[in-house]
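The block underneath contains the structure these notes are about, expressed in structure tokens.
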Amino acid sequence: MRILVLGSGAREHAIVTALLREGAGRDGSAASATPPHHIVAAPGNAGLAHDVETVQLDATNGKVVTEYALENDIELVVIGPEAPLVAGVADELRAHSIPVFGPGKRAAALEGSKTFAKRIMDEARVPTGRAVRTGNLAEATVAIDEFGAPYVVKADGLAAGKGVLVTAERDAALEHATYWLQHGSVLVEEFLDGQEVSLFLISDGHTVLPLSPAQDFKRLLDGDAGPNTGGMGAYSPLPWLADRFGSEADFVAEVIETIALPTVRQLAKDGTPFIGLLYAGLILTEQGIRVIEFNARFGDPETQVVLPRLTSPLSDLLLAAATGSLSQHAAPTFSTDVAVTVVLASEGYPESPQTGRALTGLDEALAVPGVSIAHAATARLDDTLVATGGRVLSVVGAGADFTEARARAYEALGRIGLEGGQYRRDIAAEVAE
Ligand code: AMP
Ligand code: GLY
């Protein structure tokens with residue numbers, strides 16, 4: 001298949017790696033009956049450029065993307081990040097009958113507008129935290145005092161991971177509300193306590209098929225200290241789900257029944273079918289499963305641990321979603337191997353990442369068994385690989401158990417050089433023996 005993947009992060013690199021792997025044997029050898037896909041990534045990064053063709057185009061411009069897809073006989077477009085979704089790139093492609101994995105602008109508001117997401121959840125009776133939308137500081141102050149500490153204050157629109165503050169300090173909550181009120185409305189939400197789960201659901205607008213659950217580490221520092229980030233690491237699967245729900249499958253079935261299907265049905269009823277990846281960000285509270293947020297795309301860095309474990313072909317699944325035939329598709333299957341990813345970030349991330357520094361030792365890191373590297377903010381300048389942004393690489397360790405997978409990921413990280421580079425040391429520590 002000729003596939004265009006939009007985006008330039010580690011998520012997109014992981015998607016491309018999974019698509020390329022379909023053409024290989026289980027041991028990674030090239031011999032197989034499946035012909036390899038022709039993949040183009042736009043705009044991509046140094047890792048993507050190493051593996052597939054890349055093209056520099058504005059991925060948020062629907063006309064540009066559609067023109068490229070038509071001229072290059074693209075059979076499937078996979079939209080990685082939220083920006084092109086919210087900009088309506090999928091709508092433009094669909095208007096030209098190009099199969100696209102990713103919701104249209106209106107359904108993508110499930111991620112782009114927390115108010116919209118809350119309304120849909122309300123209508124579909126999906127369990128989520130109580131929230132009050134406020135348009136000025138006086139209202140926000142009342143809501144903050146009503147809910148009490150710990151305070152949860154969220155920007156309504158897209159905020160690149162910076163919109164949410166969870167704090168015990170009333171002053172900090174008010175300050176966050178004040179700042180984001182300048183950019184639109186703000187949600188004050190009930191604090192939810194419990195383990196977090198990211199569950200990815202493939203949707204064709206009516207049917208949903210689940211991928212394996214993962215957990216993301218959102219805070220910058222060990223022990224979940226420091227500011228929220230785009231995500232500093234992840235692991236999959238979640239062995240502790242079985243303790244509480246009997247099995248991972250029982251947990252997933254409950255989420256599909258009480259959260260994913262009601263949401264997808266509500267969106268379809270409203271004339272905004274959700275075709276793409278429904279990312280359910282969940283908290284397992286004492287009272288039950290609650291949605292903290294929906295995203296309209298694969299999560300980063302969770303994708304880097306979920307897709308390496310996928311044993312059925314990704315392209316078939318994404319195409320079935322894009323063409324509305326998911327009900328005839330078998331559920332995706334996963335290896336019993338586990339995966340851990342640790343994100344290497346630049347000095348100064350998330351506030352003001354230092355860029356342009358050399359990255360070394362990747363070949364040595366890749367020599368560690370079970371290790372793969374998904375590139376995020378990387379570029380090649382002459383012969384040097386350099387970091388170009390905050391989250392630079394996702395180093396992934398796979399193994400028979402978490403002790404092995406972690407050891408591999410951290411051994412690989414130790415071999416990579418980046419001046420001032422930072423990463424957490426405790427990713428998946430609690431599930432390793
Ligand atoms: P979000 O950007 O909505 O995923 O929020 C970022 C992080 O903030 C989540 O992963 C949670 O750790 C935390 N968070 C968001 N909403 C709540 C809530 N209502 N209660 C507790 N923690 C929350
Ligand atoms: N890992 C969080 C996100 O992708 O939004």
Side-chain angles (χ1 to χ4, degrees), residues 7 9-12 14-15 79-83 85-86 108 110-118 121 127-132 143-144 147-168 172-173 176 180 186-200 211 213-220 223-236 276-287 289-307 341-343 345 350 374 376 390-391 394 424 427:
R11 162 185 49 214
E12 288 75 26
I15 290 169
I79 303 183
E82 57 274 24
L85 296 170
V86 170
L110 205 56
E111 168 164 3
S113 160
K114 294 205 190 278
T115 305
F116 178 79
K118 287 285 185 197
M121 282 190 267
T128 182
R130 283 178 301 122
V132 176
I144 282 169
F147 281 118
Y151 306 100
V152 181
V153 180
K154 300 185 174 186
D156 189 18
L158 287 184
K162 295 185 184 127
V164 177
L165 182 72
V166 181
T167 179
H176 192 74
W180 285 104
V186 156
L187 259 73
V188 180
E189 196 170 286
E190 155 191 29
F191 176 78
L192 300 169
D193 194 22
Q195 283 275 17
E196 288 186 36
V197 178
S198 301
L199 185 65
F200 297 167
L211 301 186
Q215 191 172 65
D216 173 19
F217 292 73
K218 287 210 166 75
R219 302 281 188 144
L220 181 69
D224 290 329
N228 259 323
T229 69
M232 295 300 290
Y235 67 89
S236 173
L277 193 124
L278 178 65
Y279 165 137
L282 308 166
I283 288 196
L284 313 185
T285 72
E286 297 273 327
Q287 288 73 39
I289 306 172
R290 297 282 182 275
V291 175
I292 11 172
E293 63 163 350
F294 282 127
N295 291 318
R297 40 138 188 108
F298 281 99
D300 189 341
E302 296 97 314
T303 303
Q304 292 90 290
V305 288
V306 172
L307 292 187
T341 189
V342 183
V343 171
R391 291 192 295 172
S394 247
R424 279 180 65 157
I427 304 299

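As the structure lists them, so they are numbered: ligands from 1, and atoms in each ligand from 1.
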Measure across [X] and [Y] and return the closest heavy-atom pair with its distance rounded to 0.1 Å.
{"X": "Gly163", "Y": "His176", "answer": "O-NE2, 2.8 Å"}
{"X": "Glu111", "Y": "Ala296", "answer": "OE1-N, 2.7 Å"}
{"X": "Gly233", "Y": "Pro301", "answer": "O-CG, 3.5 Å"}
{"X": "Leu110", "Y": "Ala117", "answer": "O-CB, 3.4 Å"}

With a 4.0 Å cut-off on heavy atoms, is [X] in contact with ligand 2?
{"X": "Arg11", "value": "no"}
{"X": "Gly281", "value": "no"}
{"X": "Gly299", "value": "yes"}

- [ ] Determine whether the side chain, the backbone, both or neither of Glu190 has a heavy atom under 4.0 Å from any heavy atom of ligand 1.
- [x] backbone
Open item on the list: Test of understanding: given a 4.0 Å heavy-atom threshold, classify the contact between Lys114 and ligand 1 as side chain, backbone, both, or neither.
Closed with: side chain
- [ ] Could you grab the distance from atom CD1 of Ile292 to atom OG of Ser198, nearest 0.5 Å is fine?
- [x] 7.5 Å
Task: Steps toward side-chain hydrogen bond (donor to acceptor under 3.5 Å, both in side chains) verdict (Gln304, Thr341) - done: CA-CA 7 Å; Gln304 292 90 290; Thr341 189; 5.5 Å; no
Identify, by atom number and element, the atoms of ligand 1 in contact range of [X], meaning under 4.0 Å from any of its heavy atoms.
{"X": "Phe191", "value": "20 (N), 21 (C)"}
{"X": "Glu189", "value": "16 (N), 18 (C), 19 (N)"}
{"X": "Glu196", "value": "9 (C), 10 (O), 11 (C), 12 (O)"}
{"X": "Val166", "value": "8 (O), 13 (C), 14 (N), 22 (N), 23 (C)"}

Open item on the list: So, regarding Leu192 and ligand 1 (criterion: nitrogen or oxygen to nitrogen or oxygen, under 3.5 Å), is there a contact or not?
Closed with: yes
Task: Flag, side chain of Glu190 to backbone of Arg130, donor-acceptor distance under 3.5 Å - done: yes
TODO: Give me the ring orientation class for Phe200 and Phe298: parallel if the planes are under 30° apart, tilted from 30 to 60°, perpendicular past 60°.
DONE: perpendicular
TODO: Could you find the nearest protein heavy atom to atom 5 (O) of ligand 2 and give me its residue, atom name and distance?
DONE: Arg297 NH2, 2.9 Å
Open item on the list: Please list, in number order, the atoms of ligand 2 under 4.0 Å from a heavy atom of Asp216.
Closed with: 1 (N), 2 (C)
Task: Per-atom contacts of ligand 2 with Gly230, taking only distances under 4.0 Å to non-hydrogen atoms - done: 1 (N), 2 (C)
TODO: Kindly determine whether Lys154 and Trp180 satisfy side chain to side chain contact (heavy atoms under 4.5 Å, CB included), including the steps that lead there.
DONE: CA-CA 8 Å; Lys154 300 185 174 186; Trp180 285 104; over 6 Å; no
Task: Contact partition for Tyr279 relative to ligand 2, non-hydrogen atoms under 4.0 Å - done: side chain
Task: Heteroatom distance test (Lys218, ligand 2): nitrogen or oxygen, under 3.5 angstrom - done: no
Open item on the list: As a test of understanding, state which of Thr285, Thr128, Asp193 forms a side chain to side chain contact (heavy atoms under 4.5 Å, CB included) with Arg290.
Closed with: Thr285
